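Working notes for the structure below.
Order of the sequence lines fixes the chain letters, A, B, ..., with proteins taken first and strands second; residue numbering starts at 1 for each chain. These figures come from a predicted structure and were not determined experimentally.
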Protein chains: 2
Amino acid sequence: MSTESLAYPSSVDGACCAPLVRQALTADEATDLARTLKAIADPARLRLLSLVAAHENGEACVCDLTEPLGLSQPTVSHHLKVLVDAGLLSRDKRGVWAYFALVPGALDSLAAVLSTAGGATGSSATLSSSC
Amino acid sequence: MSTESLAYPSSVDGACCAPLVRQALTADEATDLARTLKAIADPARLRLLSLVAAHENGEACVCDLTEPLGLSQPTVSHHLKVLVDAGLLSRDKRGVWAYFALVPGALDSLAAVLSTAGGATGSSATLSSSC
C-alpha cells in the first residue's frame with residue numbers, strides 16, 4: 001500500500017455532513033472512508049490516538065509512547081506514520097524528536113459519517129446543515 | 001477469524017461514554033474496538049450499511065443488495081454476516097429470505113468513541129459528565 005494513498009483530507013472534509021445511513025455512499029466515498037477506518041482499525045493505533053490526546057499539551061513523541069504501549073520504537077513509529085498518512089495525526093519535527101498531535105476535526109469528521117445523526121447521543125438533531 | 005470473536009455488544013455499550021481521546025483505552029478495549037472497526041473498514045460493507053439504512057422500512061434482503069453493489073449473492077451474504085457478527089446489523093429470517101436492518105445505536109456508539117465530543121471543534125467545554 002502506498003503511503004500517499006492513505007492521505008484523506010478531502011474525504012474527511014467531504015464526510016462532514018453526510019452520515020452514511022442518511023445518504024448512500026458512492027463507491028469512491030466508500031473506498032476513501034474504508035481506507036481511513038483501516039488506519040484506525042488496529043489496537044495499537046487506537047491506543048496511540050488515545051495516548052497522544054491524553055498527553056501533556058495534546059502532543060507526544062515516540063519516546064513518550066513506547067513504554068505505555070510495550071512496543072519497540074520502530075513499531076510505534078510505523079503506526080504513527082500510518083496515522084499521519086491517514087490525516088489523523090500531525091507530525092512536527094523539533095530537534096531530535098518528532099511530536100505528534102491529533103489533527104483537529106479529523107476524528108470528529110469520521111464520527112459524523114458513522115453517526116445516525118442523533119440516535120444514541122440525542123444531540124444531533126441540531127446538526128448544522130452547513131459544515 | 002472466528003465469527004464469534006466479532007460479537008461486540010458489550011463493547012459497543014461500554015463505548016458510549018468514553019471517547020478515546022478523553023479516556024485512555026485499555027488494551028482490551030482497544031482490541032474490541034479495532035475488531036468492530038475492521039468489520040466496517042471495507043468499501044462493500046460500508047455501502048451495505050448505507051444501502052440497508054436507505055431501503056424501505058430500513059431493512060433489506062440479499063436480493064435487494066446484490067445489484068446496487070455489483071457483487072455476487074455469496075459475496076454479499078459473506079459481508080452481511082461480518083456486519084451481523086460485529087453487532088451492527090440484525091438478521092431476521094422470513095420465508096425464503098433473511099432481512100437485515102441496522103442494530104439501533106450500534107453505529108452511534110462507535111461514533112461516540114471516535115468523537116472528541118467537541119474538543120477539536122471548540123465546543124468540548126460543554127461536554128456533559130453524565131451521558
Relative to chain B, which segment of A/A44 carries a heavy atom at a distance below 4.5 Å: side chain, backbone, both, or neither?
neither

Decide whether B/V103 and B/L83 are clustered together by the hydrophobic rule: side chain heavy atoms of Ile, Leu, Val, Met, Phe, Trp, Tyr closer than 4.5 Å, transitively.
no

From A/I40 atom CD1 to B/L20 atom CG, the distance as rounded to the nearest 0.5 Å
7.5 Å

So which of B/L37, B/D42, B/L110 actually passes side-chain contact (heavy atoms from CB on, under 4.5 Å) with A/L37?
B/L37

Which residue out of A/G70, A/A54, A/A27 racks up the most heavy-atom pairs below 4.5 Å with chain B?
A/A27

Closest heavy-atom pair and its distance - B/P43, A/A30
O-CB, 3.6 Å

As an exercise, state the distance from CD of A/E29 to CZ of B/R47, rounded to the nearest 0.5 Å.
9.5 Å

If two hydrophobic side chains count as joined below 4.5 Å and joins carry through other members, does A/F100 share a cluster with A/L69?
yes

Between B/V21 and A/L107 the two heavy atoms that sit nearest each other are CG1-CD1, 3.6 Å

Main-chain N/O of A/D108 paired to B/S115 side chain as donor or acceptor, under 3.5 Å
no

Is there a donor-acceptor pair closer than 3.5 Å between any side-chain N or O of A/S50 and the backbone N or O of B/Q23?
yes

Heavy-atom cut-off 4.5 Å, strictly under: side chain, backbone, both or neither for B/L102 against chain A?
side chain

